[in-house]
Protein chains: 2
Amino acid sequence: MRIAEASEACGLSAYTIRFYEKSGMLPKIERGPDGHRRFTPRLIEWLTLLYWLRETGMSLKQMRRFTTLAKAGDTGIAERRKILADHADTLKAKRAKLEKCEEVLAIKIASYGPDTKEDDP
Amino acid sequence: MRIAEASEACGLSAYTIRFYEKSGMLPKIERGPDGHRRFTPRLIEWLTLLYWLRETGMSLKQMRRFTTLAKAGDTGIAERRKILADHADTLKAKRAKLEKCEEVLAIKIASYGPDTKEDDP
DNA sequence: GTAGCGGGTTAGAGTTACTCTAAGTCAATG
DNA sequence: CATTGACTTAGAGTAACTCTAACCCGCTAC
């Protein structure tokens, strides 16, 4: 699979995939005789997971750590699980924040009401 | 009110408040005779709204537009309401994405299960 | 056979939104 | 009167992309 298809499949742009590789957040990617990257289904799965992690705000540093552990094999599973569990917790907090903001917006929008005049700021 | 208190009250760091002022996203801030900014309750309210907007991912450009409209007074209310309503929509989408990611994480975590061995990446 | 197209490759510059540092001012306190 | 602590500024540094420039390679069309 070539990079355009991989990008399509995982949700990350080709730029980002190359950037992640440079930044050491991907396992070794094999190259064809023409020097082009060859994406396996397994790699696509990995990229897709990274897509979700970054899309929900995980730092590159954390993602790098996560990949390092995965490359190391079974020994890192406990820490990998912890990283994901911690991230799930921050997602819950983020969701709460979004809900809170939706409330704030609803109130603010209502204050501009159908015929109300506001005087911000 | 001085900047440290303002920061405390609105949730934005003092750095960020100064940066927002430089970037034209705040109404004119009065200065004391010592050259220090003086934060009124009205300004704090404004900063707090901006805090919520940026915390939930609104771009500076959009926030700048919003402030500009607010400075212009009543004429901009319709567009301001639209900006907030649109933002509320994107928040709903974001929330859905978070939920989806929480699912993905739950599945991945389960795959590392209490005694399962995985072989990523 | 070579001109051009559509993919890929790299290094490195540009962007966004902060975040921090350096160097300085001023008011109050020991 | 020196130090402390809070503020001021300009500008450097950072994270995470995002894009540009310059290039290579294989293919079809003339």
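The structure presented is a predicted model; accordingly, all values stated were derived computationally and were not measured.
Annotation: side-chain hydrogen bond (donor to acceptor under 3.5 Å, both in side chains) contacts of B:E79 (sequence neighbours excluded): B:R65. Contacts of A:K97 classified as side-chain hydrogen bond (donor to acceptor under 3.5 Å, both in side chains), with partners at least two apart in sequence or in another chain: B:Y51, B:E55.
Proximity of a side-chain donor or acceptor of A:R81 to a complementary backbone N or O of B:Y112 within less than 3.5 Å is detected. A donor-acceptor distance shorter than 3.5 angstrom exists from the side chain of A:S7 to the backbone of A:L12, with no hydrogens or angles considered.
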Under 3.5 Å, which protein N or O atoms sit close to an N or O of nucleotides 6-16 of chain D? Give each pair with its distance.
unit_1: D:dA6; atom_1: O3'; unit_2: B:R2; atom_2: NH1; d: 2.9
unit_1: D:dC7; atom_1: OP1; unit_2: B:R2; atom_2: NH1; d: 2.6
unit_1: D:dC7; atom_1: OP1; unit_2: B:A4; atom_2: N; d: 3.1
unit_1: D:dT8; atom_1: OP1; unit_2: B:R37; atom_2: N; d: 2.8
unit_1: D:dT8; atom_1: OP1; unit_2: B:R37; atom_2: NH1; d: 2.7
unit_1: D:dT8; atom_1: OP2; unit_2: B:R18; atom_2: NH1; d: 2.9
unit_1: D:dT8; atom_1: OP2; unit_2: B:R37; atom_2: NH1; d: 3.0
unit_1: D:dT8; atom_1: O5'; unit_2: B:R37; atom_2: NH1; d: 3.4
unit_1: D:dT9; atom_1: OP1; unit_2: B:R31; atom_2: NH2; d: 3.1
unit_1: D:dT9; atom_1: OP2; unit_2: B:R37; atom_2: NH1; d: 3.4
unit_1: D:dT9; atom_1: OP2; unit_2: B:R37; atom_2: NH2; d: 2.7
unit_1: D:dA16; atom_1: OP1; unit_2: A:L60; atom_2: N; d: 3.1

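Defining each end axis of the helix from C:dG1-D:dC30 to C:dG30-D:dC1 as the rotation carrying four pairs' C1' atoms onto the next four, with five pairs an end, the two axes are found to diverge by 20° to 10 degrees.
DNA chain C is contacted by both B:Y15 and B:M25; B:M25 maps to the nucleotide lying nearer its 5′ end (nearest heavy atom per residue).
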Would you tabulate the side-chain donor-acceptor contacts of residues 99-107 of chain B under 3.5 Å, counting partners in other chains and residues two or more places apart, or write 'none'?
unit_1: B:E102; atom_1: OE1; unit_2: A:R95; atom_2: NH2; d: 3.3
unit_1: B:E102; atom_1: OE2; unit_2: A:R95; atom_2: NE; d: 2.6
unit_1: B:E102; atom_1: OE2; unit_2: A:R95; atom_2: NH2; d: 3.4

Can you list, pair by pair, the side-chain donor-acceptor contacts under 3.5 Å of residues 14-22 of chain B, counting residues two or more places apart and other chains?
unit_1: B:T16; atom_1: OG1; unit_2: B:S13; atom_2: OG; d: 2.8
unit_1: B:E21; atom_1: OE1; unit_2: B:R37; atom_2: NE; d: 2.7
unit_1: B:E21; atom_1: OE1; unit_2: B:R37; atom_2: NH2; d: 2.9

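Between the C1' atom of D:dC19 and the CG atom of A:L12 lies a distance of 17 Å, rounded to the nearest Å. Distance, A:R38 CZ to D:dC25 C1': 17 Å, rounded to whole Å.
In this structure, CE on B:M1 lies 10.0 Å from OG1 on B:T40, to the nearest 0.5 angstrom.
Minimum heavy-atom separation, B:R2 to B:F39: C-CD1, 3.9 Å.
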